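In this text, all values refer to a predicted model and were calculated from it rather than measured experimentally.
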Amino acid sequence: MHQLLKATLAALLIALLPAYADNGYDTDFVDLVEIVYGQGYLSQGGSKMVEQMFQGIDLEKKRILDIGCGVGGPALHLAKNYNVSVVGIDPETSMIRRSQEALDKLQTNSKDSLKGSAYFAVMEDPLSLQQFPDNSFDIVTSKESILHVPLEHKQNYFREIFRVLKKGGQLVILDWLHRSPNYTEDISAMMEMDGVPFHLTTFSEYHQTVLLAGFSDVAINDLTGLIAKLTQQDLITIDAKQNQIIERFDQETCNYAHDSWNIQAKAFEDRELLVGLITAVKD
């Protein structure tokens, strides 16, 4: 477990969705994050955050693409509670396997029957959506994963999202941004130790990227304050579940998790790292 922690320090510090290659998101790592964030979630807020992302959006009979679906929590929440068809994609085969296992479990449990449907697939190309034809989806969503797309590919990536959306389709993304690329020593060390660095932009840069991809009605809602509060709750969860963490792993891991989420909390409180809910429309 000690080697796992060393290899995934940055990922644990901010508990992001899977990066754009298989990078050690093995059973131990996923199990630890799920203890803190809840079953099926590798990012904060659980089902309540999914509901907030789609507040005011008509989901009835919509076909939704979930980019970077992780272990399936958001996609399965939508399929369980709404008459939607969700396609979850992720570059990591291990994540897709766990998502499918969770879906199979739901489908065999009559009391947890789905109102909609879900399907999971590995991304054929982590930097494009070439496996999907034009005008395939009513909504494209992503929860804390597009931040892994390198800066030089972001513009084309959003053009790909624009391409696969139907006319009138909607973009709904929760993503990480930054105040500036001049990071503190803690964040710089975190990025250096991560197998895949974060490729963050400012609010204005993100807004411009989405606009240039062809979208209209682009809006970014700053949720950094909310995420900072959720991170403090995560620290309480770690304390409350320390026996579970120690039983599953060891005391070192429990101490490490507490220290890591403290660093994350400070980054949000200082607004060095930011979180935005980005919405837009394809006219």
Side-chain angles (χ1 to χ4, degrees), residues 4-5 8 11-19 25-55 64 66-82 84 86 88 90 92 94-109 111-116 118 120 141-145 147 172-176 223-224 226-249 253-254 256-258 260-262 264-265 268 275 277:
L4 166 69
L5 293 176
T8 60
L12 181 56
L13 289 176
I14 63 174
L16 296 174
L17 284 175
Y25 286 80
D26 63 9
T27 298
D28 282 344
F29 174 69
V30 173
D31 285 353
L32 178 57
V33 176
E34 284 186 309
I35 288 174
V36 181
Y37 290 152
Q39 189 71 33
Y41 290 92
L42 301 184
S43 57
Q44 292 172 305
S47 60
K48 290 183 179 179
M49 182 60 73
V50 176
E51 287 293 324
Q52 180 161 348
M53 289 175 64
F54 290 93
Q55 186 175 7
I64 302 172
D66 180 10
I67 299 174
C69 63
V71 288
L76 292 177
H77 174 79
L78 292 172
K80 183 178 178 181
N81 293 282
Y82 298 95
V84 296
V86 186
D90 198 281
E92 295 203 26
S94 59
M95 300 294 99
I96 295 301
R97 182 174 60 253
R98 289 184 69 139
S99 296
Q100 186 61 49
E101 289 171 354
L103 173 60
D104 292 343
K105 184 176 180 181
L106 277 176
Q107 291 176 326
T108 57
N109 189 339
K111 69 181 178 65
D112 287 328
S113 59
L114 305 179
K115 289 185 179 179
F120 296 100
T141 188
S142 182
K143 192 171 185 289
E144 299 178 27
S145 65
L147 60 92
V172 183
I173 291 177
L174 191 70
D175 209 0
W176 289 52
L223 298 185
T224 309
L226 172 61
I227 298 299
K229 292 178 181 179
L230 289 175
T231 309
Q232 291 296 336
Q233 294 174 12
D234 294 336
L235 286 165
I236 295 173
T237 298
I238 291 169
D239 287 338
K241 294 185 176 182
Q242 60 179 331
N243 290 338
Q244 181 181 349
I245 295 172
I246 293 169
E247 182 178 354
R248 172 64 179 83
F249 302 105
T253 303
C254 187
Y256 176 86
H258 191 275
S260 298
W261 261 271
N262 264 314
Q264 177 186 337
F268 287 128
V275 181
L277 175 59

Subject >> Closest non-hydrogen atom pair between A265 and L235, with its separation >> reply: CB-CD1, 4.4 Å
**OP:** Could you tell me whether the side chain of L226 reaches within less than 4.5 Å of the side chain of M49, counting heavy atoms only?
**Re:** yes
Subject >> Pair R98-D90, salt bridge (charged side-chain N to carboxylate O under 4.0 Å, His left out): steps then yes or no >> reply: CA-CA 11 Å; R98 289 184 69 139; D90 198 281; over 6 Å; no
Subject >> Point-to-point distance, once rounded to the nearest 0.5 Å, from CG of L174 to CG of L147 >> reply: 10.0 Å
Subject >> Main-chain N/O of F120 paired with S99 side-chain donor or acceptor, under 3.5 Å >> reply: no
**OP:** Take K105 and Q100 through the side chain to side chain contact (heavy atoms under 4.5 Å, CB included) test and state the conclusion after the steps.
**Re:** CA-CA 9 Å; K105 184 176 180 181; Q100 186 61 49; over 6 Å; no
Original post:
Looking only at atom types and distance, does a side-chain atom of T231 sit under 3.5 Å from a main-chain N or O of Q264, one as donor and one as acceptor?
Top reply: no
**OP:** Report yes or no: does T253 contribute a side-chain atom to a donor-acceptor pair with the main-chain N or O of F249 at less than 3.5 Å?
**Re:** no
**OP:** Any chance you could lay out the salt bridge (charged side-chain N to carboxylate O under 4.0 Å, His left out) test for E34 and R248, step after step, and finish with the verdict?
**Re:** CA-CA 12 Å; E34 284 186 309; R248 172 64 179 83; over 6 Å; no
Subject >> Note, V86 side chain near P74 side chain (heavy atom, < 4.5 Å) >> reply: no
Original post:
Are the side chain of S142 and the backbone of I173 linked by a donor-acceptor contact shorter than 3.5 Å?
Top reply: no
Original post:
Is a side-chain donor or acceptor of K115 paired with a backbone partner of A79 at a separation under 3.5 angstrom?
Top reply: no
Original post:
Can you tell me how far the CG atom of D239 sits from the CD1 atom of I245, to the nearest 0.5 Å?
Top reply: 8.5 Å
**OP:** Answer yes if the ring centres of W176 and F268 are under 6.0 angstrom apart, and no otherwise.
**Re:** yes
Original post:
Got a donor-acceptor contact below 3.5 angstrom from the E144 side chain to the D175 backbone?
Top reply: no
**OP:** Can you measure from CG (D234) to NZ (K229) and round to the nearest 0.5 angstrom?
**Re:** 14.5 Å
